[in-house]
Structure formats: C-alpha cells, structure tokens
Protein chains: 2
Amino acid sequence: MGTVGKAISLLELFTVAEPELGLTELARRAGFDKATTRRLLLALTDNGFVEQDAATRHYRLGAGLSRLARIREARFPFLQTAVPLVRDLAGATAETVHLSEFGTDRLVTVHVEHPAWANRVNIDIGQLLPLHSTASGIAYLAFARGETVKACLAGPLDAFTAHTLVEPAAISRSIGEARDRGYSICDQGLEEGVISVAAAILAADGFAIGTIAVAAPKARTTTADIAQRGLAVMAAAREISMRLNGDNLQTLRRQA
Amino acid sequence: MGTVGKAISLLELFTVAEPELGLTELARRAGFDKATTRRLLLALTDNGFVEQDAATRHYRLGAGLSRLARIREARFPFLQTAVPLVRDLAGATAETVHLSEFGTDRLVTVHVEHPAWANRVNIDIGQLLPLHSTASGIAYLAFARGETVKACLAGPLDAFTAHTLVEPAAISRSIGEARDRGYSICDQGLEEGVISVAAAILAADGFAIGTIAVAAPKARTTTADIAQRGLAVMAAAREISMRLNGDNLQTLRRQA
DNA sequence: AATAACGGTTCAAATAATGAACCATCATCC
DNA sequence: GGATGATGGTTCATTATTTGAACCGTTATT
C-alpha cells in the first residue's frame, strides 16, 4: 500500500460509534508504527481532514471533508435528492429506511431514518454493506455491470447467519428474482431476526449507483408487509432515479 | 510537501464550478508530473475519494468523501443544526445567507441559501473566505483564540478592493467593534458593491468555530437594513451555538 | 516512589516516490 | 490522407521520502 492509501485507511478507522481515537489506538488498529501514524495524522491535520482535540489530544475527522463532500454533492446531488423520499418512506412504513451509495466495492450507508419504536433495526451512517447478504446488495447487483456481479460472486462470500446465501448459484437466482420483481428481499442474511426489502437507484446509463431499503424486525413483519414495502421502496427508488437523471425516462432501461 | 499532502492538494483542485478535471489539467494546476498525478489519482480512486468517468476519463470527487463527512457530521452536527436557521434567515432577509466553518487557516463555506432576486450575491459551496476582508472573517476573529488573530494580522493581507482594510490596526479596530456590537459589518471588503454582516457561532469553550452571514448588493441596502440584519444574524448565531452546545449557556462566555 | 500508558520525537536503514522519455489514441487541419 | 498536437497512460533508473526501534516527557495509577 502506498502512503496515500495508508493515510486514508487511518480515516476509515473513525466510525459513528467511535468518532474520536487516540494515537496509540489508531496505530494499533491500522497496524502502523506509532511514528508513522503520527506523521500521517499530521499531514491529514495540515489539510483539515483530521482535527485534534486540544484537551484530550485525541483525533477526529475534520472539516475539510465536509467541504469536499459538499462540492461533490453540488455536482451530484444524491443525498439532497434522495433524503426527502427516504423520510417519506420512513413515515409511511414506520420502519428503518436506509440509503446507500456504491463506492469501490461495497455499498456505503449515507443516510438513515429510524422509526420511534424501541424495537427497531439500528443502522449507523457510514456502515458498509456486503453485496451478497443484504437486500440492498442484491438490489444493487440486479442492476449492476456484469463485471461487478462476477467479481462479487467470485470473491469470498461470508455466511453471517445460518440463512445467508453463500452459493453463487443461489445468489444469482436471488438477483434474477429481484430484477424481475423490481425489488429484492433479504431474510436474515446479515443478522438474525431482520428482514429487509430494497430497490436500486439508477444512473442515466441504466446501471445502479445506490439503493434504498426498508429493514424491520421479522417478528412483526407479515408477508403482506413485505409486498407492500417492496412496492413502496421500488416507487421511491424510481422517483429518486428520475429526479437525478432529469426526465429522460427512456435512458433508464439498461442497455448492456 | 509529503505525498499525502500532494494527494489532498489534488482533491482541493475540484470546485463547484469545475467539478470534473482531466489528468493533464490536474497535473498542470497542481504543478506535479503527469505520472505522479496519475499515481496519486489511482490511490485516491482505490479508496473512493475520486471517481473516473468511464466515458470522458475525467476525474471527479468520490463517494468515500460523503461517507466520512457524514461520520463527522454525526459526531458534530454543525450542518444539521445550522441549516434550518440559515434557511429561516434567508426567508426573513430575502438576501443571500451563508454558513461557514473554520478549517486550518480559513473559513470554508459549507452552506448557502440564495434569494429569488436576479440581482443577488452569489456564493458557491466550498468557497474559501479570507479572514481580514469579509464580514464572516471579522466576526470569526472577534471570538477566535489570540494566536489565530495574531497569525492573521501577521500574514499577508491582500487588498481585494479599494475598500479592503489592510492595516493591522484598522482590522484590529474592526474586530473590536464586532465583538462589542455582537456582529460584524464588511463594506465591499472582498468585492465591490457587496455589503455583508456576520456573527460568530461558538463552541462550548466560548471560541468561534464558524459564522453565519448575510450578503447583499449595496445598491439596495440601507443603514436600517444593516442594523436589522445584524440583529437577525446575531440571534441566529446564538441559537445555533446554543443548540450545538446543549443548553449550557454559561460556558458561552469566552474565558481566555 | 515505582509503574505503566500515552503522546510525541529521533535518525540510520529500507522503501517508495519521482519524472523524462515513451507509447497509444483521438480529433483537427492543411 | 497523413502530418500535427493534445490527451490519457506507462516505464524504470534515480532520488527523496517513509519507516520503526528506541527514545523522552508527561500524566494517571498503585
């Protein structure tokens, strides 16, 4: 890994659950030497990607990231466009709704709306979702480029629960069903007791760029709920895709 | 500059106005060799900080930045807290309202609301504001750490217009007035024909972390408008500070 | 007073970054 | 249609940066 990759991997250690970390802890988790870690942190701090708390000397993500993220968002208003519809869907379903965007090789959770229930599915912003074992992942793969699907099925397919599909053939079938149906269903693929439905958000070229999903405790979810949420999530995804791509509906059919 | 700094300086080349750039252009602007630039871009792409358009081969900021920015925002909900109040203020004043956050050595514009007027002050997200020649900068300095003020007055003080204050003594006086008044006024300090008022948003330690400002064409701005906007911007800044710091009002008085 | 844990620093050795020259492709232009 | 120039991308010997074991200073714990 080059120096730049190392610096970025330090940034990746910060999460919603642990937004502040000390030097030793960062070095330990990243597997770098303390001196190296510190030098990288200094470089990141100089550029506003990391800030250091004056009192605790702990590090946290910096304001420079917000700036760049806003510039990206200005060109490609994924969040701005999608969040209102995520909110609507959360209101309508009274369950957890989350939005994800594809980055490098996984789906990244970029927004979440939680219902008021005490018993709910909890998801953190920034959480990374595996493609083969989540409703979002399957929905994404249903409209992804062939090479992406191939790479996913070839890669390691962890079984997170006893229900996780790990056979390439089974996953492939699940992807096909999702494509035909218009939305995916994932029954406890990542965690016991959670059932989710998701639909893909498409770019102008007809390929998926992200997903919107509803996740709920299985205990209170009926077959009718699933069907209803499936239609709702599909409608929301379609609306987001349309708003993102102007009104050129026709291009929304995938061509390759 | 280390490799990490170089990589980040590539990211800094993207703006709202030019969100996509080619390899040669990036190399030229950054002052790096083409090979170096490409290697850095590859490292950034691998980590989702940069994406390459498949058709044009141009580069743009990537989704990984959104992810990290959201993690930061979850810990320190500056935008989430402030944006509604920026919106309210924009509605009330019918002029451009912008929010900025301090990063490294300058203020960074993180949100803007524009009025419906054709003749309005236009500000882009991500724009960097000099401290000595903007209402936001003066408002920030009025509640910044002594060392920050010192560093600013010692640094180069560019005159952007004939009205820009460049004498350290004059700027210092302007800062003092802003502190006493509760808001700053900047009359054409950065651009001819623009007059702005701003107030500082404070952290729990009583020092400024950002600003909120109203900018308008001078032609339609009266002295009464200024006073009225000053009070409004001050109220908004105070409200944002309070919401950010819980209700511990008392800590809002600076101590050092 | 001893210990341990942490943030931070040093400098010779190891490693990664560099850039001039290169190739391939595409559009433009006598 | 072939010369021209602009672009993205690649190579590899040279060069400069990164690395990490050992170090120091501070703080909290025992």
Side-chain angles (χ1 to χ4, degrees), chain A residues 1-15 17-62 64 72 75-76 104 145 147 205 256, chain B residues 1-15 17-62 64 72 75-76 104 145 147 205 256:
Chain A
M1 196 189 333
T3 316
V4 175
K6 287 184 190 171
I8 296 180
S9 77
L10 277 183
L11 295 175
E12 307 284 2
L13 295 175
F14 296 95
T15 61
E18 294 183 301
E20 295 203 321
L21 296 165
L23 172 61
T24 307
E25 190 63 20
L26 283 164
R28 202 180 55 72
R29 296 201 191 181
F32 305 149
D33 186 87
K34 209 152 45 97
T36 302
T37 306
R38 175 145 162 76
R39 206 167 26 74
L40 293 172
L41 285 170
L42 269 187
L44 291 167
T45 307
D46 285 346
N47 292 282
F49 275 34
V50 158
E51 293 169 355
Q52 186 174 30
D53 189 293
T56 66
R57 314 240 97 187
H58 282 200
Y59 298 88
R60 59 164 174 264
L61 296 175
R72 172 181 159 80
R75 199 202 84 87
F76 189 68
T104 320
R145 290 187 162 72
E147 59 206 78
D205 60 9
Chain B
M1 197 190 330
T3 315
V4 176
K6 288 184 189 172
I8 296 180
S9 76
L10 277 183
L11 296 175
E12 307 284 1
L13 295 175
F14 296 95
T15 61
E18 294 183 300
E20 294 203 322
L21 296 165
L23 172 62
T24 306
E25 191 62 20
L26 283 164
R28 203 180 54 70
R29 296 200 191 182
F32 304 150
D33 187 87
K34 209 153 45 97
T36 301
T37 306
R38 174 145 164 75
R39 206 166 24 74
L40 293 173
L41 285 170
L42 270 187
L44 291 167
T45 307
D46 285 344
N47 292 282
F49 275 35
V50 158
E51 293 168 356
Q52 186 174 28
D53 188 294
T56 67
R57 316 241 92 187
H58 282 200
Y59 298 88
R60 60 165 173 263
L61 296 176
R72 171 180 159 79
R75 200 204 84 89
F76 188 67
T104 319
R145 289 187 163 73
E147 59 205 81
D205 60 8

- Message: Can you pull out the residues from residues 52-60 of chain A that lie within a 4.0 Å heavy-atom distance of DNA chain C?
- Response: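 A:Gln52, A:Arg57, A:Tyr59 - these, ordered by number, are the residues of the stretch whose heavy atoms sit under 4.0 Å from the strand.
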
- Under the salt bridge (charged side-chain N to carboxylate O under 4.0 Å, His left out) test, residues paired with B:Glu51 that sit two or more places apart: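 Salt bridge (charged side-chain N to carboxylate O under 4.0 Å, His left out) check on B:Glu51 returns A:Arg72, B:Arg60.
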
- Hey, which of these two, A:Thr3 or A:Gly22, hits DNA chain C nearer its 5' end, going by closest nucleotide?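 On the 5' side of the pair lies A:Gly22.
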
- Message: For B:Thr36 and A:Glu25, find the nucleotide of DNA chain C closest to each by heavy atoms; which residue's nucleotide sits nearer the 5' end?
- Response: A:Glu25

- Return the value, rounded to whole Å, for the distance between atom CG of B:Leu21 and atom P of D:dG8.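 Answer to the nearest Å: 10 Å.
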
- Task: Would you mind reading off the distance between B:Arg28 atom CZ and D:dT7 atom P, rounded to a whole angstrom?
- Result: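 Distance check: B:Arg28 CZ to D:dT7 P gives 9 Å.
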
- Query: To the nearest 10 degrees, how far apart in direction are the end axes of the helix from C:dA1-D:dT30 to C:dC30-D:dG1, each fit to five base pairs?
  - Reply: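 If I round to tens, the end axes sit 30° apart.
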
- Should A:Phe49 and A:Leu61 be marked as a side-chain contact (heavy atoms from CB on, under 4.5 Å) after you check the CA-CA gap, both sets of side-chain angles, and the distance that decides it? CA-CA 6 Å; A:Phe49 275 34; A:Leu61 296 175; over 6 Å; no

- Query: Heavy atom of residues 37-46 of chain B under 4.0 Å from DNA chain D: which residues?
  - Reply: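 Close to the strand are B:Arg38.
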
- Distance from A:Leu23 atom CG to A:Tyr59 atom OH, nearest 0.5 Å?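 A:Leu23 atom CG to A:Tyr59 atom OH measures 5.5 Å (nearest 0.5 Å).
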
- Once you round to the nearest 0.5 Å, how far does CZ of A:Phe14 lie from CG of A:Leu21? 5.0 Å

With side chains defined as the heavy atoms from C-beta onward, is the minimum distance between [X] and [Y] less than 4.5 Å?
X: A:Lys6; Y: B:Thr3; value: no
X: B:Gln52; Y: B:His58; value: no
X: B:Glu12; Y: B:Ile8; value: yes

- Message: I'd like to check the side-chain contact (heavy atoms from CB on, under 4.5 Å) partners of B:Ala30; sequence neighbours left out, ordered by chain and number.
- Response: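 B:Ala30 satisfies side-chain contact (heavy atoms from CB on, under 4.5 Å) with B:Leu10, B:Leu13, B:Phe32 only.
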
For residues 39-47 of chain B, tabulate all N or O donor-acceptor pairs below 3.5 Å that involve a side-chain atom, not counting sequence neighbours.
{"from": "B:Thr45", "atom 1": "OG1", "to": "B:Leu41", "atom 2": "O", "distance (Å)": "2.6"}
{"from": "B:Asn47", "atom 1": "ND2", "to": "B:Ala43", "atom 2": "O", "distance (Å)": "2.8"}

- Item | Closest non-hydrogen atom pair, A:Thr56 against A:Asp53 |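 Reported closest heavy-atom pair: N-OD1, 3.1 Å.
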
- First and last nucleotide of DNA chain C in contact with chain A, 5' to 3', at under 4.0 Å to a heavy atom: what are they?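 So the outermost contacting nucleotides come out as C:dC6 to C:dA17.
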
Strictly under 3.5 Å: I want the nitrogen or oxygen pairs between protein and nucleotides 21-26 of chain D, one per line.
none

- Message: Enumerate the side chain to side chain donor-acceptor pair (under 3.5 Å) contacts for residues 25-35 of chain B, please, sequence neighbours excluded, ordered by first and then second residue.
- Response: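 Those involving residues 25-35 of chain B are B:Glu18-B:Arg29, B:Glu25-B:Arg28, B:Glu25-B:Arg29.
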
Every protein N/O within reach of nucleotides 12-14 of chain D N/O, cut-off under 3.5 Å:
none

